[in-house]
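A short worksheet on the structure shown next.
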Amino acid sequence: VIAYLIMYYQKTIMTKRDIEVQINGKCLCEIPEVEKKRTNSTNSMIKASAKLSNFSESIHVLKQRTRSAMKADHAKVVAITSARPGEGKTTIAYNLAKALSTGKSKVLLLDMDLRRRTLQASLNKKKQVPDSGITDVAAGKLQIEDAINSVSDTFDVLFAGTDDAKFRKQRYEPIMEYLRAEYDYIVVDLSNCGLASETAAIADLCDDILFVIKWNTVSIDDILAASKYMSFSKAKIAGYILNSVPIEAGEYGGYKHYGRYGRRRYGYGYGYGYGYGYGYGYGNKKKK
């Protein structure tokens with residue numbers, strides 16, 4: 001009873017039905033929580049487990065449903081955002097981009113979180129490649145081919161870069177047109193809606209938006225306000241992703257008990273990739 005009352009008064013999102021009823025949205029996928037194994041080695045991989053297997057399966061489902069949604073919308077560029085920091089959007093953006101690249105599709109992961117630049121900080125911890133990126137290209141400091149970092153034959157990353165000039169959409173439009181011609185899919189890591197005033201303007205450069213909601217964390221009012229804010233963008237909100245769902249409370253476990261309501265033990269981080277790997281084999285793209 002106490003757990004139920006906590007859930008009721010918190011008014012957060014805990015199920016797919018909450019997304020459908022409370023915010024009138026479509027839940028594309030539930031992503032189970034993954035507890036990261038603590039280790040001193042930043043390159044250590046998490047040992048195989050049921051939870052890791054469920055995470056990988058959920059990313060596969062998200063890939064399939066995202067491709068279907070983008071095909072229906074004739075979309076090529078999908079942006080990932082959330083209402084507040086810490087909801088796991090960058091982790092999902094990376095794993096979705098990597099999953100999309102596992103076939104013949106050529107995929108770019110683009111960091112447009114110009115305030116926090118989390119992707120840049122996470123994937124380039126060892127400074128294997130320069131931190132230059134799209135902001136440096138927009139400022140005329142660098143050619144686009146020299147800013148793109150290759151992870152594999154089908155997967156590239158373009159960091160936010162080092163230039164701190166105020167965002168001007170007209171500077172980025174020709175860059176995005178070039179990238180659209182080069183890639184089958186572009187996954188854009190956007191800023192959180194409540195953090196950066198230019199988030200909606202950046203989303204204008206995209207086609208679809210995927211909205212990440214962390215399980216039992218952000219209030220429904222905040223999510224509604226963030227969704228309304230993003231509705232002013234030209235991009236379409238294609239769906240919502242319910243992230244960090246306890247394994248026993250989601251589609252991969254079943255509703256076994258309420259004992260974990262209100263807990264804040266989530267394991268998403270940015271240094272591992274959960275079976276996909278971060279930042280191996282970077283190399284700059286050069287002009288042909």
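One-based numbering along the sequence shown.
At least one side-chain heavy atom of Arg180 sits under 4.5 Å from a side-chain heavy atom of Asp207. Between Val188 and Leu205 there is no side-chain heavy-atom pair separated by less than 4.5 Å. Within the 4.5 Å cutoff, the side chain of Ile213 has no heavy atoms near those of the Asp18 side chain. A heavy-atom distance below 4.5 Å is found between the side chains of Phe159 and Val129. At a threshold of 4.5 Å between non-hydrogen side-chain atoms, the residues Ile13 and Tyr240 do not count as touching. Residues Glu182 and Asp156 fail the side-chain proximity criterion, which asks for heavy atoms closer than 4.5 Å. Using a 4.5 Å heavy-atom cutoff, the side chains of Asn192 and Lys89 are in contact. Asn124 places none of its side-chain heavy atoms less than 4.5 Å from the side chain of Asn149.
A donor-acceptor contact closer than 3.5 angstrom is absent between the side chains of Thr199 and Tyr229.
The shortest non-hydrogen separation linking Ala160 to Leu114 is CB-CD2, 4.0 Å. Between Ser227 and Ile237 the shortest heavy-atom distance is O-CD1, 3.8 Å. Ile247 and Pro32 get closest at one heavy-atom pair: CD1-CB, 3.9 Å. Contact detail for Pro85 and Arg116: the closest heavy-atom pair is CB-NH1, 3.4 Å. The two atoms that bring Ala235 and Cys206 nearest to each other are CB-O, 3.7 Å, heavy atoms only.
The CD1 atom of Ile148 sits 5.5 Å away from the OH atom of Tyr178 when rounded to the nearest 0.5 Å. To the nearest 0.5 Å, the span separating OG1 on Thr66 from CG on Leu210 amounts to 5.0 Å. Between atom CE of residue Met176 and atom CD of residue Glu173 there is a gap of 10.5 Å, rounded to the nearest 0.5 Å. Ile19 CD1 to Ile220 CD1: the interatomic distance, rounded to the nearest 0.5 Å, is 10.0 Å. Distance check, rounded to the nearest 0.5 Å: CG of Leu28 to CD1 of Ile241 gives 6.5 Å. To the nearest 0.5 Å, atom NZ of residue Lys106 and atom CG of residue Asp184 are 8.5 Å apart.
A donor-acceptor pair under 3.5 Å is absent between the side-chain atoms of Asp208 and the main chain of Ala238, judged by distance alone. Judged purely by atom type and a 3.5 angstrom limit, Glu20 has no side-chain atom pairing as donor or acceptor with the backbone of Cys27. Here the side chain of Ser58 pairs a donor or acceptor atom with the backbone of Phe55 at under 3.5 angstrom. With hydrogens and angles ignored, the 3.5 Å screen pairs no side-chain donor or acceptor of Glu30 with any backbone N or O of Leu242. Of the possible polar contacts, one joining the Thr154 side chain to the Ser101 backbone as a donor-acceptor pair under 3.5 Å is found. A distance-only check finds no donor-acceptor pair linking the side chain of Asp136 to the backbone of Lys141 [under 3.5 Å]. Formation of a donor-acceptor pair under 3.5 Å by the Trp215 side chain with backbone atoms of Asn243 is not found in this model.
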Exercise. Decide side-chain contact (heavy atoms from CB on, under 4.5 Å) for Met112 and Ile134; before the verdict, give the C-alpha distance in whole Å, the side-chain angles of both, and the deciding distance to 0.1 Å.
Key: CA-CA 8 Å; Met112 288 297 287; Ile134 193 168; 3.7 Å; yes

Practice problem: Could you give me the CA-CA distance, side-chain angles and deciding distance for Ser82 and Lys214, then say whether side-chain contact (heavy atoms from CB on, under 4.5 Å) is met? | Solution: CA-CA 9 Å; Ser82 60; Lys214 192 170 185 179; over 6 Å; no

Quiz item: For Ile144 and Leu158, what are the C-alpha separation, side-chain angles and deciding distance, and is it a side-chain contact (heavy atoms from CB on, under 4.5 Å)?
Solution: CA-CA 9 Å; Ile144 183 66; Leu158 179 54; 3.9 Å; yes

Practice problem: Could you go through the side-chain contact (heavy atoms from CB on, under 4.5 Å) check for Phe155 and Leu109 one step at a time? | Solution: CA-CA 8 Å; Phe155 184 34; Leu109 176 59; 3.8 Å; yes

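Screening residues 226-240 for salt bridge (Lys or Arg N to Asp or Glu O under 4.0 Å) gives Asp73-Lys236 as the qualifying pairs, with residues at least two apart or on separate chains.
For the side-chain contact (heavy atoms from CB on, under 4.5 Å) criterion with Ile80, the lone passing option out of Ile209, Leu190, Leu96 is Leu96. Applying the side-chain hydrogen bond (donor to acceptor under 3.5 Å, both in side chains) test between Thr90 and each of Asn95, Asp189, Asp113, Thr118 identifies Asp189 as the sole match.
A salt bridge links Arg115 to Glu198: one of the charged nitrogens lies within less than 4.0 Å of a carboxylate oxygen. The pair Arg117-Asp131 fails the salt-bridge criterion, with no side-chain N (NZ, NE, NH1 or NH2) lying under 4.0 Å from an Asp/Glu carboxylate O.
In this structure Ala138 satisfies the side chain to side chain contact (heavy atoms under 4.5 Å, CB included) test together with Arg171, Tyr172, Ile175, sequence neighbours excluded. Under the salt bridge (charged side-chain N to carboxylate O under 4.0 Å, His left out) criterion, Lys26 pairs with no residue at all, not counting sequence neighbours.
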